[in-house]
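Sequence lines set the chain letters: A, B, ... in the order given, protein chains first and strands last, and positions in each chain run from 1.
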Protein chains: 2
Amino acid sequence: MSNARTLPVLELEAVVPCCPPLTERTLTAQEAERTAAMFKALGDPVRLRLFSAVASAPGGEACVCDISDVGVSQPTVSHHLKKLKEAGLLASERRGTWVYYRVEPSVLAGMGRLLTGPA
Amino acid sequence: MSNARTLPVLELEAVVPCCPPLTERTLTAQEAERTAAMFKALGDPVRLRLFSAVASAPGGEACVCDISDVGVSQPTVSHHLKKLKEAGLLASERRGTWVYYRVEPSVLAGMGRLLTGPA
DNA sequence: TCCCCATATCGATGAATGTCTATGTTGACG
DNA sequence: CGTCAACATAGACATTCATCGATATGGGGA
């Protein structure tokens with residue numbers, strides 16, 4: 001179709017629209033606010049383990065019951081998953097009794113680009 | 001005895017030695033502790049701006065006076081730079097009156113690898 | 001030597017955060 | 001229905017943290 005001409009690269013970047021690579025220029029206050037929220041979400045050991053559990057799960061998704069063994073109580077797990085969701089890193093979907101979490105598409109690439117640049 | 005014979009390659013990687021890509025497997029508690037500390041350091045807007053200011057500075061380094069304009073007091077800037085240093089993200093060196101900060105080598109690549117994998 | 005500038009440290013304080021127990025909600029299954 | 005399992009929410013509590021003003025440190029120049 002006609003709009004197939006738009007650069008797909010731009011659409012990809014729009015999912016995590018924020019900010020040039022950290023090596024390009026000093027971030028503005030707004031950019032820093034938004035981006036720091038993502039790093040902050042990964043800045044807790046329990047959350048980082050939960051995130052890596054989801055990110056490494058077969059099929060790209062995991063139900064809470066499969067990743068809850070991180071040494072804290074069930075409500076705490078739920079609380080951390082909520083934080084990761086609010087930060088835009090995870091998405092969740094209920095299917096029957098279970099709730100499945102998956103990594104929000106392009107988050108990994110987007111954050112990676114912040115650190116290492118477009119290359 | 002002579003355990004000084006450890007491989008230098010390992011020492012190099014030891015700068016950011018931690019952890020496979022987040023998509024590979026669930027991190028151990030220890031790995032998560034260490035890695036989360038890095039993300040946490042970037043999880044504050046002021047610190048993130050300071051870090052990007054240093055990372056994007058010409059010559060790869062910046063004196064504090066060049067990056068202090070982030071909207072907080074001078075002691076607060078100093079405090080955040082210390083945190084970034086403790087997290088292993090920045091290094092500092094005094095030259096005359098000024099103190100210069102630079103990004104610790106391999107930090108950007110190391111953290112990028114965590115997110116996007118070796119590719 | 002004395003002052004000034006750049007940066008670090010100290011101590012205090014209010015806000016944010018991680019954790020828990022208790023309880024609510026939602027769907028599956030007799 | 002009633003009950004159970006999976007998950008979320010609410011409230012409380014202790015700890016951590018970001019920030020500030022005051023002060024210390026340390027080098028350069030007059």
Side-chain angles (χ1 to χ4, degrees), chain A residues 27 29-30 32-54 57 59 61-102, chain B residues 27 29-30 32-54 57 59 61-102:
Chain A
L27 298 183
Q30 275 194 4
E33 201 81 34
R34 191 188 191 301
T35 308
M38 292 188 171
F39 284 116
K40 187 177 190 176
L42 296 181
D44 177 87
V46 173
R47 277 197 297 270
L48 190 58
R49 289 190 79 192
L50 289 171
F51 183 83
S52 70
V54 172
E61 66 178 13
C63 97
V64 181
C65 56
D66 287 330
I67 59 178
S68 294
D69 192 20
V70 286
V72 294
S73 69
Q74 175 268 320
T76 301
V77 169
S78 192
H79 169 253
H80 283 307
L81 288 172
K82 185 181 184 180
K83 286 290 190 83
L84 287 166
K85 210 173 147 183
E86 288 171 349
L89 302 186
L90 292 183
S92 69
E93 178 195 356
R94 174 160 214 148
R95 286 206 296 275
T97 304
W98 299 278
V99 175
Y100 291 83
Y101 282 80
R102 60 173 58 249
Chain B
L27 298 183
Q30 274 194 5
E33 200 81 34
R34 193 187 190 304
T35 308
M38 292 190 172
F39 283 115
K40 188 177 189 176
L42 296 180
D44 177 87
V46 173
R47 277 198 296 271
L48 190 57
R49 289 189 80 190
L50 289 171
F51 183 83
S52 71
V54 172
E61 65 178 13
C63 99
V64 180
C65 57
D66 288 329
I67 60 177
S68 294
D69 192 20
V70 286
V72 294
S73 69
Q74 176 268 320
T76 301
V77 169
S78 192
H79 168 254
H80 282 307
L81 288 171
K82 186 180 184 181
K83 285 290 189 82
L84 287 166
K85 210 172 147 184
E86 288 171 348
L89 302 186
L90 293 183
S92 69
E93 178 195 356
R94 173 159 217 147
R95 287 206 296 274
T97 304
W98 299 279
V99 175
Y100 291 84
Y101 281 80
R102 60 173 57 250

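An OP1 or OP2 oxygen of C:dA8 is reached within less than 4.0 angstrom by a side-chain nitrogen or oxygen of B:Tyr101. A sub-4.0 Å separation between OP1 or OP2 of D:dT16 and a side-chain N or O of B:Lys40 is absent. Phosphate contact (OP1/OP2 of C:dG27, side-chain N/O of A:Arg95, threshold under 4.0 Å): absent. Taking only side-chain nitrogens and oxygens, B:Arg47 comes nearer than 4.0 Å to OP1 or OP2 of D:dA18.
The A:Thr97 side chain lies nearest to C:dA28 when the options are C:dA28, D:dC7, C:dT7. When distances are taken from the side chain of A:Asp44 to each of C:dT19, C:dA8, D:dC7, the shortest belongs to C:dT19.
Following rounding to the nearest Å, A:Leu42 (CG) and C:dT17 (C1') show an atom-to-atom distance of 16 Å. One interatomic measurement links the two molecules: CH2 of B:Trp98 to C1' of D:dG29, which rounds to 12 Å at whole-angstrom precision.
Within the 4.5 Å cutoff, side-chain heavy atoms of A:Ser92 are placed close to those of A:Lys85. Side-chain contact between A:Thr76 and A:Ser73 is present, with heavy atoms from C-beta onward closer than 4.5 Å. A:Lys40 is not listed as a side-chain neighbour of B:Lys40, based on a closest heavy-atom distance of 4.5 Å or more.
Within residues 74-87 of chain A, the residues approached by DNA chain D to less than 4.0 Å at the level of any non-hydrogen atom are A:Gln74, A:Pro75, A:Ser78, A:Lys82, in residue-number order.
For the pair A:Val72 and B:Cys65, nearest-nucleotide mapping onto DNA chain C gives the more 5' position to B:Cys65.
Annotation for B:Glu86: atom CD counts as buried by contact number, over 12 foreign heavy atoms lying within 6.0 Å.
For A:Ile67 against A:Ala62, the heavy-atom pair with the smallest separation is CG2-CB, 3.9 Å.
Stacking of A:Arg95 on the aromatic ring of A:Tyr100 is recorded, both the 6.0 Å distance cut-off and the 45° axial limit being met.
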